[in-house]
Each structure stands twice: as C-alpha cells, then as structure tokens.
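Just follow the structure's listing: the first ligand is 1, and inside any ligand the first atom is 1. These numbers come from a predicted model, not from an experiment. We number each residue from 1, following the sequence as shown.
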Amino acid sequence: MKALCWHGKGDVRVDTVADPEILDPRDIIIRITASGICGSDLHLYDGLTPSMEAGDIIGHEPMGIVVETGRDVKKFKIGDRVVVPFVIACGSCYFCEKTLFSCCDTTNPGADLARAAMGHAPAGLFGYSGMMGRYPGGQAEFLRVPHADVGPIKIESDLSDEQVVFLSDIFPTGYMAAENAGIEPGDTVAVWGCGPVGQFAIQCAWMLGAGRVIAIDRVPERLEMARTHGKAETLDFDNDSIHERLIEMTGGRGPDRCIDAVGAEAHGAGSMEAVIDRAKQAVGLTMDRPGALRQAIMACRKAGTLSIPGVYIGLLDNIPFGAVVGKGLTIRTGQTHVQRYLAPLLAKIEAGEIDPSFVITHRVPLEHAPAAYEKFRTKTDGCIKVVIKPGMDGSDLVTPGNESQAVNLNDEAATGLSPDGGMPPVLA
Ligand SMILES: NC(=O)c1ccc[n+]([C@@H]2O[C@H](COP(=O)([O-])OP(=O)(O)OC[C@H]3O[C@@H](n4cnc5c(N)ncnc54)[C@H](O)[C@@H]3O)[C@@H](O)[C@H]2O)c1
Ligand SMILES: [Zn+2]
Ligand SMILES: [Zn+2]
C-alpha cells in the first residue's frame, strides 16, 4: 500500500510499504477514507520528537471502512464505517477502568523508553515515535487498529466523513481542554492558539458555559475563524501586548480560565525570551518553546485554571512556577482520553449542535500530503486544517505545473468552484 512516511526533519514521503495484517485476534484492518494532519504531526515534521525512525508511518486522525476483523472482535464487521481515536487503549487496565484511556498501562511497547523520559509510560498512540509504541499511523491507504472493541466508533448515520473524522482527535481534544479548564457559568476564557485545537477549544468553552472567550494568535484567517465561527474576541500577538490587553479587558483581574492550545512551538513576536527559546531549540538544548504557557501563567487570574492541551515534549525553561504557586493556579493537561468522548460528541454532531467540518480548508489525495504538510507548517495558502483522502483523485483539481500543491477548495481559481459551492463529484 501507499503510506506517508517520516524520513527526518521536514521530510515526509509517500512510500510503498507492506499492507497491514491482523496480528492479534482483537485487531481490525480499515481502508482509510479520510485522515487529518494535526499540529502534533508538526512536532514530528519539525524534528522535535525523540525516538522517531526513518520509515515510520505517521498520522493519527483516521477513519475508514472495516475490511478485515480478527476472530475475537465483537463490535465490528466488514463494511462498517468507523472513526478511530488516536489513543490505543486496552479497556481493562487500572487506568482504562477509570476512563483515563491515554494513560493505558498495557498498549505501549515503547514503555521502557517512555519511563526513562517521564517516569511512567502513557498509552500507545498511532503514528508516533518509538516512545509511544511506534504504531503505524493513519495517513495511509490501510491501518491496523488494535483493541478494536475499545477504540473505534461506528458511524451509522449518513453524516459525511468530514463531519465526523475529527472525533478521532481534535474535537475531543478541544472538549477535554474546555472541561479541564473547569469553566463556571459566565467565566472569561482565554485561548492561546487558533489552530484546529484552539478552534474546538473555543467552541467547547461556549458549550460548557463560558460568558466570554478571548482568542490569541497572529494568523489573520485563524483569528477570523475564531471571530466568525467561534464568536470570540481576538488578540493578535504580533501587534497587541497580550498580557496588558488581557488584564485590561478583564478589569484588572485576568481571565478566569486559560487554555494553552499552542504547545511546544510557540512563536514570540520578537521578545527576548522567544529569541533565547529558539536559539536553545536550534542547538538541541531544549525541545520546547513555551512562550504561550509563560504568558498564560502570568495572565491567569488568582485561583484560576490553566488547561494545557498543547503538547510539550521535554524540559521547559524559565517557567514562572512561583506564579503558579503564588496565585494558587490549578493546572490540568494530558493527551486526550478520546474514547471517553466519542459517543457524547457524536451525539452533538448528530443533533446539529456543531458541524466540525467548519475547520477544513484543504482536502488532498495522499500523493499531495508532503506539500500539504509544508503549507500547514508555514500556515500559508489559508491553510487551517488538511484532510487527506487516500481514495481521492486529485488530478482534476490541480492546475498544470502545480502538481505537488495541495488544493484549497476555497480557492475558486484553483478549483473552479465557488467558495460555498458543493463538493466536486470526485470528492463525494
Ligand atoms: N493533548 C492532546 O491530546 C492533543 C491533541 C491534538 C493536538 N494537540 C496539540 O495541540 C497543539 C495545537 O494543535 P493544532 O493542530 O491546533 O496546531 P497548529 O500548529 O495548527 O496551531 C497552533 C497555533 O498556535 C499559534 N501560536 C503560535 N505561537 C503562539 C503564541 N505565542 N500565542 C498564541 N498563539 C500562538 C500558531 O500561529 C497556530 O495558529 C499542538 O501542540 C498539538 O500537538 C494535543
Ligand atoms: Zn493530534
Ligand atoms: Zn488499558
């Protein structure tokens, strides 16, 4: 089959690899129909994640059709349409029984490496490093899904792939971020980062009772999406002095709840700290640039909550932990316990409370995934969220001489479609 493989920093390629096989009676194999590119994939793409190996198949936001089932699988049969959580969980260990699925104790074959880095080993994840179990990922034509009766959710309605695929990660991640923020009715919630995770954190903050949402980024179309779809007030960290503005907008108190949806690769609008972070990262002294986290800690009101869905990798420098203690902040974080949220969030989509496809700007065939990674990384061409569709024939949608480019279906010139136009038949 064809699969997107990591070959080093800034180097992902569509390779021909062996088809996945059932290795355990609890496995299923799915044919992928849609697969997102996530901000977490960028940490791999940018070479920041230890224990990656050339040839690793990446991607962890997949959905598709079941083509094979192991003999012990009870919930699924061939032909079922499923969304697969990025977390691999056994369903029966100490942590799974508490629905702490991303802490599953039994699914990470890289546990020794993880323990050396973290003290304990979290669950295995699709499309990640050796430390997370090196499970082949979902930016591929086919995927082996271990513990199938515990992970995937069957889609029985006629919702489109684009409406449900983000149950695999970013919708539950935004929801858990808002839940972890401990929002009380009427609270002011500040969200750093208006990428896909930030966008869902904004949506879910409203669902959980926020009275006001302030979103921070610098990419114009992401700020625009936060205002239009997210009904948030926005701040641009290139032009606004974030701390001063947040304090001023909240009458001196600071936001009640702060969500860091940026993680390890914060940009810093030329601040000295940001320059030092970047220099240390460049020479390998640190893997993380925690500028957004520092800001969130400093801005958060006394006894407020800091929720951190953004991924950090290693040891963070210059974190004002005195402020955390001095102000009595609560910090909650973690890889999302995706399995916990699948059914309730699917119900919200089915009820029409939210249509997660609002975040998609680019749809590409697998062959164009490398170019799409670069666009998503550089935040160019209006790229907010890419969905890879392995079965899609991109040829009709690509302008001559531009073969390696991802196609922006909002771009009328590239597609011949009006921005609101229906999907071309090739994507149906
Ligand atoms: N916890 C989980 O289970 C989980 C799941 C999915 C993604 N994530 C993490 O969430 C984070 C965001 O993912 P994404 O897909 O939205 O990525 P993304 O790269 O598309 O978005 C990050 C956004 O942060 C903005 N940003 C950079 N520096 C900033 C700053 N100083 N202040 C405010 N905004 C800043 C960028 O402009 C960008 O729009 C990543 O770290 C990713 O690894 C975590
Ligand atoms: Zn992800
Ligand atoms: Zn478990």
Heavy-atom contacts under 4.0 Å between [X] and ligand 1: side chain, backbone, both, or neither?
{"X": "Ser102", "result": "neither"}
{"X": "Arg218", "result": "neither"}
{"X": "Leu42", "result": "side chain"}
{"X": "Gln335", "result": "both"}
{"X": "Gln295", "result": "neither"}

Stacked cation flag Lys379 on Phe376, 6.0 angstrom / 45 deg: yes
Would you call [X] and [Y] a salt bridge, taking side-chain N to carboxylate O under 4.0 Å as the test?
{"X": "Arg301", "Y": "Asp256", "result": "yes"}
{"X": "Arg363", "Y": "Asp161", "result": "no"}
{"X": "Asp24", "Y": "Arg26", "result": "yes"}
{"X": "Lys385", "Y": "Glu61", "result": "yes"}
{"X": "Asp217", "Y": "Arg222", "result": "no"}
{"X": "Arg289", "Y": "Asp277", "result": "no"}

Test applied, ring pair (Phe, Tyr, Trp, His ring centres under 6.0 Å); reference residue, His60; option that passes from Phe166, Tyr128, Tyr135: Tyr128
What are the atoms of ligand 1, with element, lying closer than 4.0 Å to any heavy atom of [X]?
{"X": "Phe376", "answer": "20 (O)"}
{"X": "Val219", "answer": "37 (O)"}
{"X": "Gly195", "answer": "16 (O), 20 (O), 21 (O), 23 (C), 39 (O)"}
{"X": "Arg222", "answer": "18 (P), 20 (O), 21 (O), 38 (C), 39 (O)"}
{"X": "Trp192", "answer": "32 (N), 33 (C)"}
{"X": "Thr336", "answer": "2 (C), 3 (O)"}
{"X": "Gly263", "answer": "41 (O)"}
{"X": "Gly310", "answer": "9 (C), 10 (O), 11 (C), 41 (O)"}

To the nearest 0.5 Å, what is the distance between [atom1] ([X]) and [atom2] ([Y])?
{"X": "Ile216", "Y": "Arg245", "atom1": "CD1", "atom2": "CZ", "result": "10.5 Å"}
{"X": "Leu48", "Y": "Lys9", "atom1": "CG", "atom2": "NZ", "result": "7.0 Å"}
{"X": "Thr188", "Y": "Glu233", "atom1": "OG1", "atom2": "CD", "result": "8.0 Å"}
{"X": "Asp169", "Y": "Thr336", "atom1": "CG", "atom2": "OG1", "result": "6.0 Å"}
{"X": "Glu265", "Y": "Arg377", "atom1": "CD", "atom2": "CZ", "result": "8.5 Å"}

For [atom], grab the closest protein heavy atom and report residue, atom and distance to one decimal in Å.
{"atom": "atom 38 (C) of ligand 1", "value": "Asp217 OD2, 3.4 Å"}
{"atom": "atom 17 (O) of ligand 1", "value": "Gly39 CA, 3.4 Å"}
{"atom": "atom 32 (N) of ligand 1", "value": "Phe237 CD2, 3.5 Å"}
{"atom": "atom 31 (N) of ligand 1", "value": "His267 O, 2.8 Å"}
{"atom": "atom 7 (C) of ligand 1", "value": "Ser40 OG, 3.3 Å"}
{"atom": "atom 13 (O) of ligand 1", "value": "Val197 CG2, 3.5 Å"}
{"atom": "atom 12 (C) of ligand 1", "value": "Ala261 O, 3.2 Å"}
{"atom": "atom 24 (O) of ligand 1", "value": "Gly193 CA, 3.6 Å"}

Please confirm whether [X] approaches ligand 1 to less than 4.0 Å, judged on its heavy atoms.
{"X": "Ala177", "result": "no"}
{"X": "Tyr312", "result": "no"}
{"X": "Gly291", "result": "no"}
{"X": "Lys379", "result": "yes"}

Short N or O distance, [X] and ligand 1, threshold 3.5 Å exclusive:
{"X": "Ile170", "answer": "no"}
{"X": "Asp169", "answer": "no"}
{"X": "Ala266", "answer": "no"}
{"X": "Ala292", "answer": "no"}
{"X": "Ile384", "answer": "no"}

Metal-centred angle, the Zn ion (ligand 3) as apex - SG of Cys93, SG of Cys96, 10° resolution: 110°
Tally, protein N/O/S atoms nearer to the Zn ion (ligand 2) than 2.8 Å: 3
Quick check against the 3.5 Å criterion: does [X] have a side-chain atom that pairs as donor or acceptor with the backbone of [Y]?
{"X": "Glu221", "Y": "Asp381", "result": "no"}
{"X": "Thr107", "Y": "Ile88", "result": "yes"}
{"X": "Trp192", "Y": "Ala296", "result": "no"}
{"X": "Asp80", "Y": "Phe76", "result": "no"}

Shortest non-hydrogen separation from Cys90 to Val150 and the atoms involved: O-CG2, 3.3 Å
The Zn ion (ligand 3) reached by Cys90 (N, O or S, under 2.8 Å): yes
Non-neighbouring partners of Thr99 that pass side-chain contact (heavy atoms from CB on, under 4.5 Å), sequence neighbours left out: Phe101, Arg340
